[in-house]
Every structure is written in structure tokens, then in C-alpha cells.
Amino acid sequence: MTIAKAACIGGGVIGAGWVARLLLNGIDVAIYDPDPEAKRKVGEVMKGARRAYKKMLPNGLPKEGRLTFARTIADAVADADFIQESVPERLDLKHRVLAEIDLHAPANSIVGSSTSGIKPTDMQVAMKKHPERLVVGHPFNPVYLLPLVEIVGGEQTFPEAIEVAKEIYASIGMKPVVIRKEIEAFVGDRLLEAAWREALWLVKDGICSVEELDDIMRYSFGIRWAQMGMFQVYRVAGGEAGMRHFMAQFGPCLKWPWTKLMDVPEFNDELVDLIATQSDEQSGKWSIRELEKIRDDNLVAIMEALSRQNKGRGWGAGELYNGYTKQLSGLAAKKAPALKSKAQKSAATAKAAKPVKAVKGKKR
């Protein structure tokens, strides 16, 4: 399924990232965000996204979609066939926003939530008309570059809605992964939280500084993880005997008291000051916008390098990068479509109003 018109509710870092990915795929987007600074903030993200995409597509970008700032949620979602909600992580706020979306969005539209930890079942209770079309579509920042999106269905989500969501996210160059069981924080954030918790202890206890910890990650296993995941890396580490040998060799150490993984340091002003001060010493010489440019350049370079591997077919994110840049180049090569007649517009509107099979059928 391709997206004819999208709506984004929330224009923060993640919401603006969705806007950028959609617009740069030539899709019209209506956004609603009550923040008076929303236009400026989205504009800043768009500048960064265009810059990154020009590095990916030096021969020219596709024609951008049209961005509209809506006055209300109802106006934003009125004729959208795909809606991405990206408001702050408060369940009461999610309920209010999703209820409003559900009330005004077309019955056949898919609703994705960018939540990083709330279960879809807990959110869709607020949707009285069509809770079956809600999925979690959890991305990673920057949304316009990092391709992964975790898809999670709730108790009321139709299986067909998940399949349509997969098609939608794939159509804009993303790698959709459906999480098999509904849990808080899904998979990516559970792994990140475990590493983050341990990192806070290591800095708090004076074992290393913020900069030293980042160096340990980015000069070692961070590079490995960029091209192979944890299990594939460890399979290789097992040598010719593979994963069974690796687990037999290193499995026993999992019982050793090396980690504070299940214990959380007290999150007080002292810890915040320690981390923030060291972070300022590490990165304070760059502005956030400068760091975003450095990050984006590095990400594009890594994906480009991976795209040349496996005899030019690409490896991991590089394989997807090859397909995505080819898709975008195809869009860029197309001429601007001729203006539709009133009759054609009426026919298209009537077709869009018809319900889609994607939200019919048995519930999960």
C-alpha cells in the first residue's frame, strides 16, 4: 500500500523526523502541533534531512510532498490514509489524542504510534470507533535516516492492519520488524535501557567517564553491531564450532557478579550533574545542530560502506540503503504529474472513501 496523504500528530524530534521522511518521499503531510515554535522546529529538522538526503542522492532529490500545518487534529487527519502519532509519553495524553484521531480519521486509515514503551492495548482503549487499526510504529532517531521500525499490535488490532502497516513503512524505505508478543518498551528500548542502566553505574562509580565509555562503545562493539547483530557477531566469535561453542565457553560467566543490571542508581541531582557536566566537557564545543550534522554524515557514510559489500548487493542496512536510494532516484526522475481534472479528483476522492479490507477480519 502506498500513502496518498499522511498526517503527523506531534512535531517534536520524532514527529518532525516522520514529517521529513514522508515529505522527502514525495508524500503530502498535514501536521498538528500546538507548540507555537512547531514550524521553526520542524523546519530545522527538514534542513538537516534535506542535507543528509543530498549526500545519499547527489543527482537530485524527488519532488517534496506538500506540508500543511493544521489548526486542529480533526483538520490534520480528515483525509489522511496514514497517521503517525508522536506526542509525549503520557498515557492520559495518548488517550486524548488517539480518541480525537479515531473520531475524525477515515475508517480505512492506519494509525501508528511512535511510543517507545507503552503497549498498544493500553492506548487503543480510548479509540471507540476503530481501535483495530492502531499499531505501534516505533522508530529510532533520526527517523529520516535510520530504517528500523518496530511494529506491535494490541489485543484489538486486526492482523490485516499489521500487514498494511508493514507495507506502508516499507514503502518509505524502512525495515519493519513485527514484535511477536506485546510487551512494554518492545525490543530495541529494552536492550538500550539495559546498556544505559549499566553505563550510569559505571560513570557514577568512577570506573570511567562519559567520554571514555562512548569511546569504548564506538571503537569496538558499536562498529560490529552496525553490520551484524549481537547473535551473528557472537556466532563468529565461537569460531568454527559456532554458537554452541560460544555459549558453552561464555555462558557460565553470566552468573558471575559482573553487572548491576537489575539495580538502578538513585536518579538524583548529584547523578544528573555528574553526567551532564561530563557530557558538556565531551561535546559542549559543538551545538546540537552541528552534532546532528556529524551524526547524519556518519550514518550515511556507514550505510554507503555497507551498501558496497556482498559483491555490491549490500549487507544489512546497506542492502536496504541500495533499494531505498534506487527508489528515491526513480521518484526524482519522474516528471511532475499533470493537474487532475475535477472529474478525476472526484473519482479519486470516492475511491479513497471506500473502506479497506486491511481493518476487517478477526482480531488478534
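The chain is numbered in sequence order, starting from 1. All values below come from the heavy atoms of this structure, side chains included, with hydrogens, waters and symmetry mates left out.
Here the CD-CD1 distance, from Glu132 to Ile110, works out to 9.0 Å after rounding to the nearest 0.5 Å. Rounded to the nearest 0.5 Å, atoms CH2 (Trp201) and CG (Leu271) are 9.0 Å apart. Distance check, rounded to the nearest 0.5 Å: NE2 of His130 to CD of Gln156 gives 12.5 Å. Rounded to the nearest 0.5 Å, atoms CD (Glu240) and NE2 (His245) are 10.5 Å apart. Here the CG-NZ distance, from Leu57 to Lys54, works out to 11.5 Å after rounding to the nearest 0.5 Å. Ile14 contributes atom CD1, which lies 11.5 Å from atom SG of Cys8 (distance to the nearest 0.5 angstrom).
Using a 4.5 Å heavy-atom threshold, the side chains of Ile73 and His104 count as separate. Considering only heavy atoms from C-beta on, Phe69 comes within 4.5 Å of Val42 through its side chain. Contact check for Met228 versus Arg224: no side-chain heavy atoms found under the 4.5 Å cut-off.
Under a cut-off of 6.0 angstrom, the local environment of CD in Glu290 is crowded, with over 12 non-hydrogen atoms contributed by other residues, nucleotides or ligands. Heavy-atom contacts from other residues, nucleotides or ligands closer than 6.0 Å to CZ of Arg40 number more than 12. In the displayed structure, Met247 atom CE is contacted under 6.0 Å by at most 12 heavy atoms of other residues, nucleotides or ligands. A 6.0 Å sphere centred on NZ of Lys175 holds no more than 12 heavy atoms belonging to other residues, nucleotides or ligands. Residue Arg66 qualifies as open at atom CZ: its count of foreign heavy atoms under 6.0 Å is 12 or below. Atom CZ of Arg235 has 12 or fewer heavy atoms from other residues, nucleotides or ligands within 6.0 Å. The 12-atom threshold is not exceeded at CG of Asp269, counting heavy atoms of other residues, nucleotides or ligands nearer than 6.0 Å.
With hydrogens and angles ignored, the 3.5 Å screen pairs a side-chain donor or acceptor of Thr157 with a backbone N or O of Gly154. Glu150 places a side-chain N or O within donor-acceptor distance of the main-chain N or O of Gly188, the cut-off being under 3.5 Å. Judged purely by atom type and a 3.5 angstrom limit, Gln84 has no side-chain atom pairing as donor or acceptor with the backbone of Trp18. Using modelled atom types, no side-chain atom of Asp205 and backbone atom of Ile207 make a donor-acceptor pair closer than 3.5 Å. A side-chain donor-acceptor contact under 3.5 Å links Glu212 to the backbone of Ser209. Looking at Lys128, its side chain does come within 3.5 Å of a backbone N or O of Val125 through a donor-acceptor pair. Formation of a donor-acceptor pair under 3.5 Å by the Asp81 side chain with backbone atoms of Lys5 is found in this model. A donor-acceptor pair is defined here as one N or O able to donate and one able to accept, closer than 3.5 Å; no such pair exists between the side chain of Thr277 and the backbone of Leu274. Between the side chain of His138 and the backbone N or O of Leu148 there is no donor-acceptor pair closer than 3.5 Å. Between the Gln327 side chain and the Ser171 main chain, a donor and an acceptor come within less than 3.5 Å of each other.
Results of the side chain to side chain contact (heavy atoms under 4.5 Å, CB included) test with Val135 over Val164, Ile162, Val149 single out Ile162 as the only residue that passes. The one candidate from Lys129, Arg133, Arg96, Lys94 that meets the salt bridge (charged side-chain N to carboxylate O under 4.0 Å, His left out) condition with Asp102 is Arg133. Screening Trp225, Phe221, Phe246 for a ring-ring contact (aromatic ring centres under 6.0 Å, His included) with Tyr234, the sole residue that qualifies is Phe246.
By the rule that hydrophobic residues join a cluster once side-chain heavy atoms approach within less than 4.5 Å of another member, Phe140 and Leu24 end up as members of one cluster. The hydrophobic clustering, which links ILVMFWY residues whose side-chain heavy atoms are closer than 4.5 Å, places Leu320 and Ile302 apart. In the hydrophobic clustering of this structure, Leu146 does not group with Leu306; members are Ile, Leu, Val, Met, Phe, Trp, Tyr whose side-chain heavy atoms approach within less than 4.5 Å, directly or through other members. Using a 4.5 Å cut-off between side-chain heavy atoms of Ile, Leu, Val, Met, Phe, Trp and Tyr, with links allowed through other members, Val136 and Leu93 fall into the same hydrophobic cluster. Criterion: ILVMFWY side-chain heavy atoms under 4.5 Å apart, direct or through other members. Under it, Tyr144 and Ile294 are not part of a common hydrophobic cluster.
Taking 4.0 Å as the cut-off between side-chain N and carboxylate O, Asp296 and Arg51 do not count as a salt-bridged pair. A salt bridge does not link Lys293 to Asp297: none of the charged nitrogens lies less than 4.0 Å from a carboxylate oxygen.
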Mind running side-chain hydrogen bond (donor to acceptor under 3.5 Å, both in side chains) on Glu319 and Asn310 for me, showing each step along the way?
CA-CA 9 Å; Glu319 182 178 8; Asn310 194 21; 5.7 Å; no
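Cluster partners of Ile223: none. The rule joins Ile, Leu, Val, Met, Phe, Trp and Tyr whenever side-chain heavy atoms lie under 4.5 Å apart, and it links nothing here.
Defined by atom type and a distance below 3.5 Å, a donor-acceptor pair is present between the side-chain atoms of Thr115 and Glu89.
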